[in-house]
Protein chains: 2
Amino acid sequence: MASQEVLQAFVQAATQGSFSAAARKLGRSQSTISAAVASLEIDLDLILFDRSSRKPTLTPAGHVMLQRAEEILAATSRLEMTASQLAQGVEPKLTVAISDTYQSDRFEAALSAFEQRYPDLELECLIAECDDLVALVQSGRAHVAFAEQQDSYPPDLVSSTVQERTEIALFVSREHPLAALASIDQDTLQQHRELRLATIVNPYESRAKGRVWSAPSYLMLLEMAQGGFGWAPLPRWLVGRFGAGTLQELNVRGWPKPLFVDALWSRLHPPGPAGSWLLSKMLE
Amino acid sequence: MASQEVLQAFVQAATQGSFSAAARKLGRSQSTISAAVASLEIDLDLILFDRSSRKPTLTPAGHVMLQRAEEILAATSRLEMTASQLAQGVEPKLTVAISDTYQSDRFEAALSAFEQRYPDLELECLIAECDDLVALVQSGRAHVAFAEQQDSYPPDLVSSTVQERTEIALFVSREHPLAALASIDQDTLQQHRELRLATIVNPYESRAKGRVWSAPSYLMLLEMAQGGFGWAPLPRWLVGRFGAGTLQELNVRGWPKPLFVDALWSRLHPPGPAGSWLLSKMLE
DNA sequence: CATGAACTATCGCCTTGATCGATGGTTATT
DNA sequence: AATAACCATCGATCAAGGCGATAGTTCATG
């Protein structure tokens, strides 16, 4: 079986174009490299180098084997990389729960930076709203969450406001009766169906003052609004990105409202280095 | 450095859920597996298994490392696979030159079968016509070629006709004057510009009897025909697939012509097992 | 609760393979 | 012709993988 040392010797020899140079690079003696390549050639039953000239050059078969060997070395270096990260306490998998309330610009920037920093770390993104997000973090199912700001959180959660503001406004389909009105008061609004977020934890605290339909995500609400089923409070960026011009913003007193996003994590299941790093990126 | 044996022991132990079972599977003693896992844990500075219960179970970190370890083993088995193929004389890289004359159905079927049979073999496809194809095979640059049948080939080439027939017909743009005529004789045809294949080897044997534009591939000819620059003989399937209904077939005596495709290879640089296998698939 | 079956950890010993330094042969440069 | 750099080979050394035996755990069962 081709061992790591042998493969490394082969790859270095191939890329350096010289056994001696490879030996110097790897800090081994020249005879070691020579023996390694020879043993590899025997094991694979192939001639890897053409030794007729001064400097050994790869045979065509050698070129192909070089690729395969480099794949192995790359895989082992990935293994060592993630091992050292795990040994330093980095979580094996990072779970982030976000609201689709959340404006994606900063988050995407943070994610791409994260991808550079922890290329091999598994990342799980959950989508949920309000109480569901709190529950996910509390239970330890998610390490970090980004949620629409609430007045208070359970005592075991820590929150910090993200420096970024979006807006939530009221929208209806362009075909909806309300779309024609220049300005709308509360009573008029109440005469039409509201599309509202429902959480899974807290299915529906029925303080309904009118007909209400609910869905567990803003994206579903948007689709229901597009269907003309009622008016809905929606994040502006979401409508801009997925609304495709089919929605109309309503002019109602008190709207649009500014939106503040909190980062949440748990004192009991504190995020590891990767989670903390992501948090600091998001909060800077 | 994590050796293959150790990794294999780890992966087997993880998938079997038991060190002893892994030992049986790998034909090693139980102590070997135990020692291997222990040494791996020391090397990586990680606890991979939770030994508190009867059967050892992977820790979260162990799950991640299992993935990485399997990547390495997969890479080494690929290395061994291609090594054994190369050792049996399979060419390190197969170069096939085809004419875009060639109907793709059978060729695509052959390619996908090829992909099953030689998953790790590098494949290069060159596109050329007539004399260029012959030159590619003669020089050894391509191992196999599929070309429009010619009367004779250089003595060092072997040819065999592919059992498949396509048709070449004359086409013009729908806006072209010829498109309006129900039937056309040779003289009328000669009064308009011909779009003809030019090879690179044999740039243009100027027996032109009229205004002629030429291009090195049928696809370019098709585009020129779509531009309305003249009439062109084109393979039917090519027009059906890339013509997008913009071309009109001409009714001329002697057209459409049946098209025969020859497989070509060289006696001097005979194709290896992979090339021969592809040939037999194509000729069956 | 006692027993037995199956499992893991550890110890001593052996074999394999990676490594080194020394030596000699080959190739290209001066 | 001399030199410098390169590769192959040999014998010795040492670490790591392997085995078998043994002892300690864990779990199911009567």
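Proteins come first, then strands; the chains are lettered A, B, ... in the order of their sequence lines, and each starts at number 1.
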Review point. Taking only residues two or more places apart in sequence, or in another chain, which ones meet A/E124 in a side-chain contact (heavy atoms from CB on, under 4.5 Å)?
Key: A/K93, A/T95, A/L126, A/R141
Check your understanding: Between B/V37 and B/F10, what is the shortest heavy-atom contact and its length?
Key -> CG2-CA, 4.4 Å
Practice item. Could you list all the side chain to side chain donor-acceptor pair (under 3.5 Å) pairs where at least one residue sits in residues 271-284 of chain A, not counting sequence neighbours? Key: none
Exercise for review: Would you kindly say whether A/S18 and A/Q16 are connected by a side-chain donor-acceptor distance under 3.5 Å?
Suggested key: no
Practice item. Taking salt bridge (Lys or Arg N to Asp or Glu O under 4.0 Å) as the test, write out the residues that go with A/R51, two or more places apart. Key: A/E41
Point to revise | Sequence-aligned protein contact record of nucleotides 15-21 of chain C, with B where the base is within under 4.0 Å of a protein heavy atom and S where only the sugar-phosphate is | key: ---SSBB
**Study point:** side chain to side chain donor-acceptor pair (under 3.5 Å) involving A/D50 - partner list, sequence neighbours excluded
**Key:** A/S52
Revision key, fill the gap. Contact check, residues 55-64 of chain B vs DNA chain C, heavy-atom distance under 4.0 Å, returns B/P56
Review point. Where is the tightest heavy-atom contact between A/V6 and A/A36, given as atom of each residue plus distance?
Key: CG1-O, 3.6 Å
Review point. Between B/Q149 and B/T161, do the side chains contain an N or O donor and an N or O acceptor separated by less than 3.5 Å?
Key: yes
**Study point:** Span of DNA chain D in contact with chain A (heavy atoms, under 4.0 Å)
**Key:** D/dA5 to D/dT9
Check your understanding: So do A/Q4 and A/L73 actually touch side chain to side chain, heavy atoms under 4.5 Å?
Key -> yes
Study note, to complete from the structure: For B/Y153 and B/D262, the nearest pair of non-hydrogen atoms, with its separation, is OH-OD2, 2.7 Å
Check your understanding: Under the side chain to side chain donor-acceptor pair (under 3.5 Å) rule, what pairs show up with a residue in residues 22-36 of chain B, not counting sequence neighbours?
Key -> B/S29-B/S31, B/S29-B/T32
Review point. So what does A/S34 hit on the nucleic acid, given a heavy-atom distance under 4.0 Å: a base, only sugar-phosphate, or nothing?
Key: base
Review point. Does the side chain of A/L264 reach to within under 4.5 Å of the side chain of A/V158, using non-hydrogen atoms?
Key: no
Practice item. Any chance you could list the contact pattern along nucleotides 25-30 of chain C? Use B for base contacts, S for sugar-phosphate-only contacts and - for none, protein heavy atoms under 4.0 Å, 5' to 3'. Key: --BS--
Exercise for review: For A/E70, enumerate each residue passing the side-chain contact (heavy atoms from CB on, under 4.5 Å) test, keeping only those at least two apart in sequence or located in another chain.
Suggested key: A/V11, A/T15, A/L66
Study note, to complete from the structure: Residues in residues 9-18 of chain B with a heavy atom under 4.0 Å of DNA chain D, by number, are none
Study note, to complete from the structure: Between B/L7 and B/A69, the two heavy atoms sitting closest are CD2-CB, 4.2 Å
Point to revise | side-chain contact (heavy atoms from CB on, under 4.5 Å) partners of B/A263, counting only residues at least two apart | key: B/F146, B/V162, B/W265, B/L279, B/L283
